[in-house]
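Taking it in order: structure first as structure tokens, then the write-up.
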Amino acid sequence: MSIEVRDAVPAEYDAVGKIVAAAFAADGQLDAPDSVSYRDVLHDVAARAAAAEIIVALDDGVVVGGVTYVPRGGPMADIAGDGEAEIRMLGVAPDAQGRGAGSALMRECLARAARGPGTAAGDGGIAAGGRTRRVVLSTNTIAHGSHRLYERLGFVRDPARDWTPVPGVDLLCYVLDL
């Protein structure tokens, strides 16, 4: 098995949306009554691609996971501040979990952040050329497998930035200084 990561192409958006939504549903992240509309957001990869970078993980040429990488602010940033990149909507197909796709997607996001703004998207990056100093992400309190992945990669909790986007959905903030 060899996991490949790269930018998604539009023909893969439907698969990415289905996979990410399935991953969130499989561990209960879409169970809160007010999170039903989030399933639609997870499926709408084309809208995310217009404002962020969509990265896919492939196993033997088949899309098995995806993540939204936000190298600068804008409409896709939930919690990122100045000098921060944000990782959002990471999901791996439930039947492909445990084979390294999630780690590969996270490492690709971190590599892009370390290279600096504008290197992947070619758009000038954070604050018109400012340096990316930190990577941030939010994760549901019940996503324990995700927490372990983030901690293995060096992320630490920042409880002061925890938040609740809708009733019944509590999100933890993790940060990694570059």
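Just so it is clear, the model here is predicted, and its values are computed rather than measured.
Residue Leu105 is not grouped with residue Val56 when hydrophobic side chains (ILVMFWY) are merged at heavy-atom distances under 4.5 angstrom, including chains of intermediate members. A single hydrophobic cluster is not seen to contain both Val41 and Val67; linkage of ILVMFWY side chains at heavy-atom distances under 4.5 Å, directly or through other members, places them apart. Cluster annotation: Val156 and Val135 are assigned to distinct hydrophobic clusters (Ile/Leu/Val/Met/Phe/Trp/Tyr, side-chain heavy-atom contacts under 4.5 Å, transitive). A continuous path of Ile, Leu, Val, Met, Phe, Trp and Tyr side chains, each step under 4.5 Å between heavy atoms, connects Tyr38 with Val20, placing both in one hydrophobic cluster.
Annotation: the span from Asp59 atom CG to Glu4 atom CD amounts to 10.5 Å, rounded to 0.5 Å. To the nearest 0.5 Å, atom CZ of residue Phe24 and atom CZ of residue Arg39 are 11.5 Å apart. Distance check, rounded to the nearest 0.5 Å: CG of Asp82 to CZ of Arg131 gives 13.5 Å. In this structure, the separation between CD on Glu12 and CG on Leu58 is 6.0 Å, given to the nearest 0.5 Å. If you take CG on Leu110 and CG on Leu178, they are separated by 7.0 Å, rounding to the nearest 0.5 Å. Atom CD1 in Ile79 sits 5.0 Å away from atom CD in Glu86 (nearest 0.5 Å).
Atom CG of Asp177 has more than 12 neighbouring heavy atoms from other residues, nucleotides or ligands inside a 6.0 Å radius.
Gly102 and Val92 get closest at one heavy-atom pair: N-CG2, 3.6 Å. In terms of heavy-atom proximity, Thr68 sits nearest to Ile54 at OG1-CD1, 3.5 Å.
Asp44 has no carboxylate O lying under 4.0 Å from a charged side-chain N of Arg48, or vice versa, which leaves the two without a salt bridge. Using a cutoff of 4.0 Å between basic side-chain nitrogens and carboxylate oxygens, Asp162 and Arg157 are scored as salt-bridged. Salt bridge annotation for Arg161-Glu84: present, with a cationic side-chain nitrogen under 4.0 angstrom from a carboxylate oxygen.
Looking at heavy atoms from C-beta onward, Asp170 lies out of side-chain contact with Asn140 at the 4.5 angstrom threshold. Contact check for Pro71 versus Glu53: side-chain heavy atoms found under the 4.5 Å cut-off. Two residues are said to be in side-chain contact when any heavy atoms from C-beta on lie closer than 4.5 Å; Leu153 and Ser103 fail this criterion. Counting only heavy atoms from C-beta outward, the side chains of Leu90 and Ser146 never approach each other to under 4.5 Å. Side-chain contact between Tyr150 and Ile87 is absent, with no heavy atoms from C-beta onward closer than 4.5 Å. At least one side-chain heavy atom of Val63 sits under 4.5 Å from a side-chain heavy atom of Ile19. Counting only heavy atoms from C-beta outward, the side chains of Leu137 and Met106 approach each other to under 4.5 Å.
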